[in-house]
Amino acid sequence: MMPAPRLEIDLEKIHHNADTLVKRLARRGISVTGVCKATLGSTEIANALLQAGVSFLGDSRIENIEAMRLAHVPAKMVLIRSPMLSQVKRVIMSADVSCNTEVEVIRQLSQVAQKAHRTHGVVLMVELGDRREGIMPEDLIKTVRQTLCLPNIVLKGIGTNLACRCGIAPDARNMAELSALAELIEATFDLKLEVVSGGNSANLEWDLSGAKTGRINNLRLGEAILLGCETLHRQPLDGLFTDAFTLVAEVIESKVKPSQPSGTIAQTAFGEASAVIDRGLIMQSILALGRQDTDPNGLLPPAGIEIMGASSDHLILVSDSRALSVGSEVSFQLNYSALVLAMTSPFVARVIKSPALHR
Ligand SMILES: *Cc1c(COP(=O)(O)O)cnc(C)c1O
């Protein structure tokens, strides 16, 4: 018996997606950092990305980078979130490069790196409109000057991140600004920046549009590789698989019930009011799956099945005519939110398909 709930992971599809994007972007002079923060440090997925030719692996959590190191994943690893001061030592020991926005953090990275006789690469992140992380452009030169003074720290480059907090789209204006900042740094300090990282999956549309990419020579891609879509409009990308991941759950109850609740209506388990349309009697099933396992709003059910509601441990379905028998299984496609939560839930098993790619 296969465990349930489980995530079925098709490594060949992930490899194909990464390989396709690496090749398309290489034609534009852009390397790929494979962002695996949604995979909880999965060695198999990390190796599939490396075999597809990504130049770096990126993760937002040092725990995942440590896990991949322990499993001997042979990659340059980038911590793509600014290090916590409380984790500086771990960052120096496991990550080759980190993205940074605070000089205080880079100072401490330098101190620990000196003690450990290691060098650490720094990418300075610049704020270009999305108002999440980043140094304000007018402060960048000063921060570069401070960074260059620090022993055992190597300034690898600059980067920016858009479309995450406010949905600001990468475009000719903000990408030209990043290029101009790279050139300003190089002219001011007479050096060459190895990496100018233009952004994440939201950048693909612009970077593949044929527009002049300027100095941008790297993208950090997570969702586009794992789920095969761009992230400005969540459209599938040409030639990529959108179903590399499937979440499978088991039916624990199946009954004809009135669609309408009966009694006095107060709050639900999660405090929202319940909006229920009266459809008379329905074929209602319950899956052993809930918010402890995934984001129920991010699940795409198969044809003929609709998600009616969810609590911590129950997912309520209505099926058009056929009853879902107790013990049978239902498979869903997932969006990024559902994927991250399923991958990181201790209740969800992970089953890797296409073992041919195992190393
Ligand atoms: C998550 C993240 C990425 C990858 O984003 P996707 O939309 O999954 O491609 C890139 N850069 C940073 C800083 C991130 O936090």
Side-chain angles (χ1 to χ4, degrees), residues 30 33 35 37 56 58-62 78-88 91 95 97-111 113 120-151 153-207 211-222 231-232:
I30 293 175
T33 298
V35 173
K37 68 189 181 203
F56 306 89
D59 207 293
S60 48
R61 308 269 169 166
I62 196 65
V78 186
L79 183 68
I80 60 173
R81 185 174 70 179
S82 185
M84 288 184 236
L85 282 180
S86 58
Q87 294 186 334
V88 158
V91 174
V97 176
S98 58
C99 294
N100 282 271
T101 61
E102 293 286 350
V103 174
E104 178 56 22
V105 175
I106 307 171
R107 276 202 193 100
Q108 295 209 19
L109 287 167
S110 168
Q111 281 166 12
H120 185 75
V122 162
V123 170
L124 293 176
M125 298 296 280
V126 191
E127 157 63 51
L128 289 180
D130 202 47
R131 307 292 183 244
R132 202 180 73 176
E133 78 272 36
I135 299 157
M136 293 304 287
E138 58 270 28
D139 298 330
L140 186 60
I141 289 293
K142 181 174 163 220
T143 310
V144 169
R145 182 170 292 118
Q146 291 168 320
T147 303
L148 290 173
C149 295
L150 292 169
I153 294 292
V154 177
L155 179 65
K156 281 271 172 192
I158 60 173
T160 195
N161 195 65
L162 297 171
C164 271
R165 182 189 154 198
C166 298
I168 297 302
D171 58 23
R173 192 196 54 78
N174 47 39
M175 289 298 105
E177 188 172 358
L178 189 65
S179 284
L181 287 167
E183 276 164 5
L184 177 65
I185 291 169
E186 293 183 343
T188 308
F189 299 99
D190 189 25
L191 52 75
K192 180 100 185 111
L193 293 175
E194 182 185 323
V195 179
V196 181
S197 190
N200 53 46
S201 297
N203 286 60
L204 280 169
E205 191 173 70
W206 185 80
D207 281 86
K212 279 216 173 97
T213 50
R215 290 298 311 276
I216 286 141
N217 64 5
N218 174 267
L219 288 184
R220 309 174 306 274
L221 301 181
T231 55
L232 289 175

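Because the structure is a prediction, the values reported are computed rather than measured.
For E102, the CD atom is loosely surrounded, since the number of other residues' heavy atoms within 6.0 Å does not exceed 12.
When side chains are defined from C-beta on, L193 counts as touching E186, because their heavy atoms get closer than 4.5 Å. V35 places none of its side-chain heavy atoms less than 4.5 Å from the side chain of L221. Contact of the T33 side chain with the L219 side chain is not registered, since no non-hydrogen atoms from C-beta on lie closer than 4.5 Å. A heavy-atom distance below 4.5 Å is found between the side chains of D207 and I30. Using a 4.5 Å heavy-atom threshold, the side chains of V91 and Q108 count as separate. With contacts defined as side-chain heavy-atom distances shorter than 4.5 Å, the pair E127/R132 does not qualify.
Under a 3.5 Å cut-off, the side chain of S110 and the backbone N or O of I106 do not form any donor-acceptor pair.
There is no side-chain donor-acceptor pair under 3.5 Å between D130 and N161. N203 and R220 share no donor-acceptor pair across their side chains, judged by distance under 3.5 Å alone.
Classification of R81 and E133 as a salt-bridged pair fails, no side-chain N sitting under 4.0 Å from a carboxylate O.
The distance from atom CD1 of I158 to atom CZ of R215, rounded to the nearest 0.5 Å, is 8.5 Å.
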